[in-house]
Amino acid sequence: MPTSLPAATAARSGLFALLDCNNFYVSCERVFDPSLEGMPVVVLSNNDGCVIARSNEAKALGIGMGVPYFQVRDLLEFHRVRVFSSNYALYGDMSRRVMSLLMALEPEVEVYSIDEAFIRLPVAGRQQLVKIAADIRRAMWRQLGLPVSIGLGATKTLAKIANREAKRDPAGGGICCLLPGEDHRELLSKTLATEVWGIGARSARRLAAGGIRTALDLALADEDWVRRRLSITAARTRLELQGISCLAMEETPPAKQSIACSRSFGLPITEAAELKAAVFTFLARAAEKLRKQQLLAGCLQVYVGHRGAPGERRLRLTARTVELAPAGADTAALNRAAGAILKELFQPGQQYRKAGVVLAGLTPAAARQGHLFAPQPRAAEPLMGALDRINRRWGRDTIQYAAGLARSWLPRQARRSPAYTTDWHQLPVVR
DNA sequence: TCTGGGGTCCTAGGACCC
DNA sequence: TCTGGGGTCCTAGGACCC
């Protein structure tokens, strides 16, 4: 086993920075409601199911990430924590603003998630790099009102670790640089293996079985052992921790391989017509995304979630997949296929709690394949184009298929804030 | 009573072929 | 009684991410 880290090789390849918006959903709520500043705030997942974002004040109260809402409801009430249902119209729009501002400041940007982006930076002195990061932070705060943290490293994985440290240690001013040639062993030894990007609970258990508990342990572990006992992915992570970059920037997002839409229901559903209405609504959304990306779907999966055997806590999913020949993006044709699947899946008396659709086998619409036996589906194109334009102009579901109208399945959203930035009728009013 | 949603990638195992 | 081996493709399920 090697006892020291290999010399950093970043001079050739430059540096990675990771920008991460602090407590993003909470920060979005705070932008439009300053009374939330300094207060404990949490944001719930869809259906008000569990806690998915917490302000620092809420974290300090011991409210965990992902805990079911009902388990902490009393605690939240006791501490007068402000609770919000998730408002993806708002978060998605704020995310677009973050990313376009960042792209205006920096030439090489990879949007990694709704609240994170990697930035490629040239190798430079610490002072110069800190100034670049500080300028980005200041711009995000002044122009959008959002606090962000920035971590720098020779690899994406090290930039992730630097970012955690930037959040943890306020002395760094929201910035942490792990520069090539410097000794990061202390920070790596304080970072648990589970906290490393790409190492989940299961991998961490396997690593622990081999005596590997920290990021430093993993960086120094035997390559073959990691490769054999875990995976090629973990072996890459090991190299990344050593400062050897294996994960490149992806500035243009790769073409989607699947498009999905699913929801948990606010209340259990027992009627076939209600279940169908839910599935048709999800399909309308998925098909709209499909057409927006100018893709065709080659297969459709529909699944429904219901309670399993008595005593089984987890939701059980039942699914059917059909091939679509020819591939298409016509909502009416997808509805017909979904309707046929639902006839097979539906069981009277069953209580359904969730449903979803997945469009897969995606191909570019421009490369449409002819089909020997089925009629060409192009007739639907003008109709779908008009439908999308009207719904974009006048709001989602202005026009929809009648079988999708029933709304008994709608998720719970008891505490949602207004769509401040994406709906004229919900603009904040200044008095 | 009440536990999200949208993705990607890896692996193992079986089918199939020569 | 004797019963290959290696490669590819596909799929389901799991792990992981935010």
Side-chain angles (χ1 to χ4, degrees), chain A residues 18-25 42-54 63-74 76 84-88 91-92 95 110-118 156-157 160 163-164 193-207 227-237 246-247 250 253-268 282 285-286 289-290 293 298-299 301 303 305 307-308 312-317 319-321 323 351 353-362 411-414 416:
Chain A
L18 177 68
L19 174 143
D20 188 320
C21 301
N22 301 353
N23 314 328
F24 181 55
Y25 297 171
V42 302
V43 176
L44 305 176
S45 66
N46 256 318
N47 214 26
D48 291 349
C50 46
V51 174
I52 54 168
R54 306 155 295 153
I63 296 155
M65 178 66 177
V67 295
Y69 177 39
F70 74 92
Q71 283 177 7
V72 289
R73 190 174 300 168
D74 292 345
L76 296 175
F84 289 86
S85 302
S86 41
N87 182 348
Y88 286 103
Y91 313 148
S95 174
E110 172 188 340
V111 177
Y112 174 65
S113 76
I114 193 165
D115 71 331
E116 284 171 86
F118 287 105
K156 284 183 165 181
T157 304
K160 275 268 186 186
N163 193 287
R164 277 179 55 92
T194 26
E195 294 165 346
V196 174
W197 188 41
I199 304 297
R202 183 171 166 143
S203 300
R205 274 199 302 277
R206 289 194 184 176
L207 288 172
R227 172 70 192 86
R228 275 198 322 274
R229 297 298 302 276
L230 283 96
S231 64
I232 186 89
T233 325
R236 266 202 297 265
T237 297
C246 304
L247 303 168
E250 286 182 13
K256 286 248 182 299
Q257 298 185 32
S258 65
I259 290 173
C261 182
S262 71
R263 291 288 179 279
S264 297
F265 303 145
L267 296 168
F282 305 154
R285 295 259 191 291
K289 285 190 221 168
L290 186 70
Q293 297 177 39
C299 76
Q301 180 181 69
Y303 62 89
R307 191 114 65 144
E312 200 178 284
R313 291 237 319 289
R314 270 182 45 179
L315 205 64
R316 177 166 297 185
L317 300 182
R320 289 269 186 293
T321 306
E323 199 175 327
Q351 297 203 332
R353 289 163 186 274
K354 176 182 179 153
V357 302
V358 183
L359 300 173
L362 305 185
R412 281 188 294 270
Q413 291 195 329
R416 194 167 74 180

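Letters A, B, ... are given to chains in the order of the sequence lines, protein chains preceding strands, and every chain is numbered from 1.
Summarising the geometry, the separation between CD on A:Glu116 and C1' on B:dG7 is reported as 14 Å, rounded to the nearest angstrom. When rounded to the nearest whole Å, the span between CZ of A:Arg206 and C1' of C:dC16 equals 13 Å. Atom CG of A:Asn46 is separated from atom C1' of B:dG7 by 16 Å (rounded to the nearest Å). When rounded to the nearest whole Å, the span between CG of A:Leu317 and C1' of B:dG4 equals 13 Å. The nearest whole Å value for the distance from the CG atom in A:Asn47 to the P atom in B:dG6 is 13 Å. What separates CG of A:Asp115 from P of C:dC17 is a distance of 15 Å, to the nearest Å. A:Tyr69 places its OH atom 14 Å from the C1' atom of B:dT3, with the value rounded to the nearest Å. The interatomic distance linking A:Ile114 (CD1) with B:dG7 (P) rounds to 12 Å, in whole Å.
Of the candidates A:Val196, A:Leu230, A:Thr194, A:Ser203 forms a side-chain contact (heavy atoms from CB on, under 4.5 Å) with just one, namely A:Leu230. For the side-chain contact (heavy atoms from CB on, under 4.5 Å) criterion with A:Asn47, the lone passing option out of A:Lys354, A:Arg353, A:Arg412 is A:Arg412.
In this structure, the side chain of A:Ser231 does not engage the main chain of A:Arg227 through any donor-acceptor pair within 3.5 Å. Side chain of A:Arg236 to backbone of A:Leu247: no donor-acceptor contact under 3.5 angstrom is found. When atom types are taken as modelled, the side chain of A:Asn163 and the backbone of A:Leu18 share a donor-acceptor pair closer than 3.5 angstrom.
For A:Tyr88, counting side-chain heavy atoms from C-beta on, the closest listed nucleotide (B:dG4, B:dT3, C:dC18) is B:dG4. Of the listed nucleotides (B:dT3, B:dG5, B:dG7), B:dG5 has the atom at the smallest distance from the side chain of A:Ser264.
The side chain of A:Lys160 contributes no N or O atom lying less than 4.0 Å from OP1 or OP2 of C:dC17. A:Lys156 has no side-chain polar atom (N or O) that falls below the 4.0 Å cut-off from OP1 or OP2 of C:dC17. Phosphate contact (OP1/OP2 of C:dC17, side-chain N/O of A:Ser113, threshold under 4.0 Å): absent.
Nucleotides B:dC17 and C:dT3 place their P atoms 24 Å apart, quoted to the nearest Å.
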Sort me out a list of protein N/O and nucleotides 9-11 of chain B N/O pairs below 3.5 Å, or just none if empty.
unit_1 : atom_1 : unit_2   : atom_2 : d
B:dC9  : OP2    : A:Gln257 : NE2    : 3.2
B:dC10 : OP1    : A:Arg236 : NH2    : 3.0
B:dT11 : OP1    : A:Ile232 : N      : 3.3

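Residue A:Arg353 is the one, among A:Arg353 and A:Ser258, whose nearest nucleotide of DNA chain B lies closer to the 5' end (criterion: closest heavy atom). In this structure, A:Ser45 and A:Ala255 both approach DNA chain B, and ranking their closest nucleotides by distance from the 5' end singles out A:Ser45.
Residue A:Arg263 is classed as a sugar-phosphate contact, given heavy-atom separations below 4.0 Å to backbone atoms only. Residue A:Val196 is classed as a sugar-phosphate contact, given heavy-atom separations below 4.0 Å to backbone atoms only.
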message: Let's go through A:Tyr303 and A:Phe282 carefully: what are the C-alpha distance in whole Å and the side-chain angles of both, what is the deciding distance for ring-ring contact (aromatic ring centres under 6.0 Å, His included) to 0.1 Å, and is it a yes or a no?
response: CA-CA 11 Å; A:Tyr303 62 89; A:Phe282 305 154; 9.0 Å; no
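Here the OG atom belonging to A:Ser95 is positioned 12.0 Å from the OH atom belonging to A:Tyr88, to the nearest 0.5 angstrom.
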- request: Report the secondary structure of DNA chain B in dot-bracket form, marking unpaired bases with a dot and bases paired to a different strand with |, and treating Watson-Crick or G-U pairs with both distances under 3.5 Å as paired.
  value: ....||||||||||||||
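The cationic atom of A:Arg73 (NZ for Lys, CZ for Arg) lies less than 6.0 Å from the six-membered ring centre of A:Tyr69 and within 45° of the ring axis.
Relative ring orientation between A:Trp197 and A:Tyr112 is described as perpendicular, the plane-to-plane angle rising above 60° on a 0-90° scale split at 30° and 60°.
Under the 3.5 Å distance criterion, with hydrogens and angles disregarded, a donor-acceptor pair is assigned to the side chains of A:Asp115 and A:Ser113.
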